[in-house]
Amino acid sequence: MNYLIVILSMLLSGCIGAPIALTPQTEQRLQAQAPIRFLLTFDDGPSASGYNNPSRSVVADLANNPILPGIKAVFFLQTEASRSGGSSRGHKTMEREYAAGHILAFHTATAFHTNHRWLNDAELESTLTQGAADIAAITGSPPNLVRPPFWNYDKRTFAAYQRHGMHVLLTDLSANDGKIWGFNGSPRRRANLYRQLSVLREHIALGELPTVDGVIPVVVTFHDINRYTARHMQEYLQILLDSARINGMKTAAEPFYTDTAQLQRAALARTVKDVNEPVHLPGVWNWVWDADTR
Ligand SMILES: [Zn+2]
């Protein structure tokens, strides 16, 4: 797998194209579409760090920032990893996230960031049961959203998620800031997000994305365990607004979610309904997993 990491790093760092140019036809089609609202999601947390905890810094910036105070997000958690939700500080951080109106969702309940496809049936069942119980212990109900580690699922793992009432939420845009497979720093964060939103805009213009509560939710993925991301969170909010503007897209009066119930409806509307649905994964993950058998 090491050669993949090298290729991945090369692709992530060097191959960000310019945004797709806005044609008059796309511009006209966009006018028939609802405005967009960014649906922020965070993977791999919570951080268990006792020093400038990046997850807590992200939560603070979502609550208080110059663009829109009180932003609510979805956190895809690692509930049992010792450097994450399996620690007492991590556990408290998840409680704070819930108390602040964020949605707690499932990512892993293993000691590491394990691909669910590598678990046998019994292990998979046990990890889903554990993760659901960990989250229900905080929120009072099991999570209904899951993001598969490494964006990777197959018929077996998808069916297991369904049995647990968990719906798979992928992403439209990715900050490519994963600590495990991406970079800590993201010097081309602006160009990267501009480009990704321009690609998505073409699909939105064709009416391919659902409108929920009067807006088109655009799912964005960050990693709250990444200190770089945490330090740049407010800047990222501005970059997203700038991305919409330079791509000729209308944002809603509230360009991010501030209402937990609306966030929940939007996230569920964007989940994968059928395991055979063709999906877009961030970075080069389609290329990695399509070489595999699904
Ligand atoms: Zn992850």
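Remember, it's 1-based here, ligands and their atoms both numbered in the order they're listed. As the structure is a prediction and not an experimental result, all values here were calculated from the model.
In this structure, His116 has its ring center at least 6.0 angstrom away from the ring center of Phe158.
Listed for the Gln28 side chain is no donor-acceptor partner under 3.5 Å among the backbone atoms of Gln25.
Alongside Tyr51, the hydrophobic cluster contains no other residue (criterion: ILVMFWY side chains under 4.5 Å).
Using a cut-off of 2.8 Å, one finds that Asp44 contributes an N/O/S atom close to the Zn ion (ligand 1).
With sequence neighbours left out, the side-chain contact (heavy atoms from CB on, under 4.5 Å) criterion links Ile20 to Arg195, Ser198, Val199, Arg201, Glu202.
Take the N/O/S atoms of His107: the one nearest the Zn ion (ligand 1) is NE2. Of all N, O or S atoms in His113, the one lying closest to the Zn ion (ligand 1) is NE2.
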